[in-house]
Amino acid sequence: MQIREFAPQDWAQVWPIIEAVVRAQETFPYDPALSADDAYGMWVEVPPGRTVVAVDGDRVLGTAKMGTNRPGPGSHVATASFMVAADARGRGVGTALCRDALGWARRRGYAGMQFNAVVETNRAAVELYRREGFAVVGTVPGAFRHPTLGRVGLHVMYQEF
């Protein structure tokens, strides 16, 4: 598996990953009616942000986007988001994408990385982020409407560099 910069021709494989994750309504607080065009504008970062893909040969297994969490006085903290194809989960794709984003943020001189809305029932993501050095610094109770579990919390997770 290789992680490389996103190229426009990758969108044909990235969009189905995003679409499936968003439509499931289990892990991302995005509108399930999100269109491909709106998703492109939201997911594909412009510099100084960055979007990458994890590939095996010509196949996109997952994608990540990263950038500054907030402008102005908050611009010293980075953020990132990750999505992995359903049939590629459990194979280290998310871990590789997370490590890539952390390396990018450190190289750019950020003071830390913050995840603003990690669904507390997304145990795989929460455990991955904890393994990579993040801590839950707060949870907004009932802030996410899960399709089968009802209202569950959204974690704010942070790692200081």
Side-chain heavy atoms of [X] within contact of [Y], under 4.5 Å:
{"X": "M157", "Y": "R130", "answer": "yes"}
{"X": "R70", "Y": "V77", "answer": "no"}
{"X": "L154", "Y": "V119", "answer": "yes"}
{"X": "Y30", "Y": "D38", "answer": "no"}

Which value, rounded to the nearest 0.5 Å, describes the distance between [X] atom [atom1] and [Y] atom [atom2]?
{"X": "D58", "Y": "Q9", "atom1": "CG", "atom2": "CD", "value": "10.5 Å"}
{"X": "L61", "Y": "Q13", "atom1": "CG", "atom2": "CD", "value": "9.0 Å"}
{"X": "I17", "Y": "M83", "atom1": "CD1", "atom2": "CE", "value": "9.5 Å"}
{"X": "L149", "Y": "F144", "atom1": "CG", "atom2": "CZ", "value": "9.5 Å"}
{"X": "R4", "Y": "D100", "atom1": "CZ", "atom2": "CG", "value": "12.5 Å"}
{"X": "T121", "Y": "H146", "atom1": "OG1", "atom2": "NE2", "value": "4.0 Å"}

With under 30° as parallel and over 60° as perpendicular, where do the rings of [X] and [Y] fit, or are they tilted in between?
{"X": "F6", "Y": "Y40", "result": "perpendicular"}
{"X": "Y110", "Y": "W104", "result": "tilted"}
{"X": "F115", "Y": "F82", "result": "perpendicular"}

Side-chain donor or acceptor of [X] paired with backbone N/O of [Y] under 3.5 Å:
{"X": "R23", "Y": "P32", "answer": "yes"}
{"X": "K65", "Y": "M42", "answer": "yes"}
{"X": "Q25", "Y": "P147", "answer": "no"}
{"X": "E19", "Y": "A39", "answer": "no"}
{"X": "T139", "Y": "H155", "answer": "no"}
{"X": "T68", "Y": "P71", "answer": "no"}

For [X] versus [Y], what's the shortest heavy-atom pair and its separation?
{"X": "A101", "Y": "M66", "value": "CA-SD, 3.7 Å"}
{"X": "R91", "Y": "D56", "value": "NH2-OD2, 4.3 Å"}
{"X": "V21", "Y": "R89", "value": "CG2-NH2, 3.5 Å"}
{"X": "W43", "Y": "T63", "value": "NE1-OG1, 2.9 Å"}
{"X": "E5", "Y": "D10", "value": "O-OD2, 4.1 Å"}
{"X": "G153", "Y": "E120", "value": "N-OE2, 2.7 Å"}

Quick check on the hydrophobic clustering: are [X] and [Y] connected, directly or via other members, by side-chain heavy-atom contacts under 4.5 Å?
{"X": "V44", "Y": "V22", "result": "yes"}
{"X": "V52", "Y": "W15", "result": "no"}
{"X": "V93", "Y": "V118", "result": "yes"}
{"X": "V140", "Y": "V152", "result": "no"}
{"X": "Y158", "Y": "Y129", "result": "no"}

Considering residues at least two apart in sequence or located in another chain, which fulfil the side chain to side chain contact (heavy atoms under 4.5 Å, CB included) criterion with T95?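 Listed in chain order: R99, L128, R131, E132.
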Between the side chains of R123 and E127, is the shortest nitrogen-to-carboxylate-oxygen separation below 4.0 Å, so that they form an ion pair?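 No.
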Take Q114 and V156 through the test side chain to side chain contact (heavy atoms under 4.5 Å, CB included) and record every step on the way to the result. CA-CA 7 Å; Q114 176 178 325; V156 177; 4.0 Å; yes
Atom CZ of residue position R145 - does it have more than 12 heavy atoms of other residues, nucleotides or ligands inside 6.0 Å?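 Result for CZ/R145: open.
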